[in-house]
Amino acid sequence: QVQLVESGGGSVQAGGSLRLSCAASGLTARRNCMGWFRQAPGKEREGIATMNTGAAYTYSPDSVKGRFTISQDNAKNTVYLQMNSLKPEDTAMYYCAAAPNVLHDYCVLSQAHFGVWGQGTQVTVSS
């Protein structure tokens with residue numbers, strides 16, 4: 001059974017940085033899609049980064065590209081989201097998600113693509 005535990009959220013001033021961590025257990029395949037999503041109050045959940053653990057594939061939408069970076073540490077079974085130049089509009093609950101044992105080298109940044117979710121970690125950016 002795959003389990004995801006996020007950490008690293010908190011409060012930061014605009015322009016600051018945070019690094020979120022997602023510790024994964026139960027992943028046995030080489031290729032898994034990992035993703036980060038966020039949901040602000042009253043808004044739909046949106047995908048902000050995805051990567052394939054067994055291929056050189058990452059993707060982020062233009063809204064965060066250049067500020068947010070997804071990466072992994074295979075030895076620690078952990079995926080990270082480095083967030084720089086944070087803005088008040090980045091305030092949201094951030095969720096890690098996994099699509100285990102995929103057959104392809106790409107990932108689709110869509111909620112429907114991911115079957116396992118963490119509990120979320122809150123990020124608050126003040127102006």
A.B. asks: Atom OG in Ser126, atom CD in Gln13: separation rounded to 0.5 Å?
C.D. replies: 5.0 Å
A.B. asks: Any side-chain heavy atom of Val125 within less than 4.5 Å of one from Lys87?
C.D. replies: no
A.B. asks: Taking all non-hydrogen atoms of both residues into account, name the closest pair between Val108 and His113 and its distance.
C.D. replies: O-CD2, 3.3 Å
A.B. asks: Check Gly26 against Val2 and note the closest heavy-atom contact, atom names and distance.
C.D. replies: O-CG2, 3.6 Å
A.B. asks: Consider only side-chain N and O atoms of Ser17 and Asn84, and report whether a donor and an acceptor are under 3.5 Å apart.
C.D. replies: yes
A.B. asks: Taking the side chain as C-beta and beyond, is there a heavy-atom pair between Phe68 and Ile70 under 4.5 Å?
C.D. replies: no
A.B. asks: For Gly47 and Pro61, work out which heavy atoms get closest and say how close.
C.D. replies: O-CG, 3.6 Å
A.B. asks: Check whether any side-chain heavy atom of Trp36 lies under 4.5 Å from a side-chain heavy atom of Cys22, and answer yes or no.
C.D. replies: yes
A.B. asks: So do Asn32 and Val102 actually touch side chain to side chain, heavy atoms under 4.5 Å?
C.D. replies: no
A.B. asks: Please check if Val116 and Val79 belong to a single hydrophobic cluster, counting links between Ile, Leu, Val, Met, Phe, Trp and Tyr side chain heavy atoms closer than 4.5 Å.
C.D. replies: yes
A.B. asks: Supply the atom-to-atom distance Tyr59 OH to Met51 CE, rounded to the nearest 0.5 angstrom.
C.D. replies: 16.0 Å
A.B. asks: Could you pull out the closest heavy-atom pair between Ala29 and Asn101, with the gap in Å?
C.D. replies: CB-OD1, 3.4 Å
A.B. asks: Could you check whether any side-chain heavy atom of Val64 comes within less than 4.5 Å of a side-chain heavy atom of Glu46, counting everything from C-beta outward?
C.D. replies: no
A.B. asks: Dump the intermediate steps for salt bridge (Lys or Arg N to Asp or Glu O under 4.0 Å) on Lys65 and Asp62, then the final yes or no.
C.D. replies: CA-CA 5 Å; Lys65 191 173 293 183; Asp62 289 343; 3.7 Å; yes
A.B. asks: Quick one: NE2 on His104 to OH on Tyr57, what's the gap to the nearest 0.5 Å?
C.D. replies: 10.0 Å
A.B. asks: Do you know the tightest heavy-atom contact between Pro88 and Ala14?
C.D. replies: CD-CB, 4.1 Å
A.B. asks: So, does Thr91 use its side chain to make a donor-acceptor pair with the main chain of Glu89 at under 3.5 Å?
C.D. replies: no
A.B. asks: Show the numbers, then the answer: is there a side-chain contact (heavy atoms from CB on, under 4.5 Å) between Met83 and Val123?
C.D. replies: CA-CA 10 Å; Met83 305 187 294; Val123 172; 3.9 Å; yes
A.B. asks: Rounded to the nearest 0.5 Å, how far apart are OG1 of Thr50 and OH of Tyr106?
C.D. replies: 12.0 Å
A.B. asks: Cation-pi check, Arg45 to Tyr95: give yes when NZ or CZ is under 6.0 Å from the six-membered ring centre and within 45° of the ring axis, no otherwise.
C.D. replies: yes
A.B. asks: Answer yes or no: is there a donor N or O on one side and an acceptor on the other, between the side chain of Gln82 and the main chain of Thr69, under 3.5 Å?
C.D. replies: no
A.B. asks: Would you call the rings of Trp117 and Phe114 parallel, tilted or perpendicular, taking 30° and 60° as the class edges?
C.D. replies: perpendicular
A.B. asks: Under a 4.5 Å cut-off applied to non-hydrogen side-chain atoms, are Gln122 and Thr124 in contact?
C.D. replies: yes
A.B. asks: Within the distance-only criterion (no hydrogens, no angle test), does the side chain of Arg67 pair as donor or acceptor with the backbone N or O of Ser85 below 3.5 angstrom?
C.D. replies: yes
A.B. asks: Quick one, Thr121 and Leu20 - any side-chain contact, counting heavy atoms below 4.5 Å?
C.D. replies: yes
A.B. asks: Going by distance alone, is a donor N or O of one side chain under 3.5 Å from an acceptor N or O of the other, for Arg19 and Tyr80?
C.D. replies: no
A.B. asks: Could you state the interatomic distance from OG (Ser60) to CG (Leu81), rounded to the nearest 0.5 Å?
C.D. replies: 7.5 Å
A.B. asks: Gln3 side chain to Ser25 main-chain N or O, any donor-acceptor pair under 3.5 Å?
C.D. replies: no
A.B. asks: May I ask you to test the Met34-Thr53 pair for a side-chain heavy-atom distance under 4.5 Å?
C.D. replies: yes
A.B. asks: For residues Tyr94 and Leu18: do they belong to one hydrophobic cluster (side chain heavy atoms under 4.5 Å, members Ile, Leu, Val, Met, Phe, Trp, Tyr)?
C.D. replies: yes
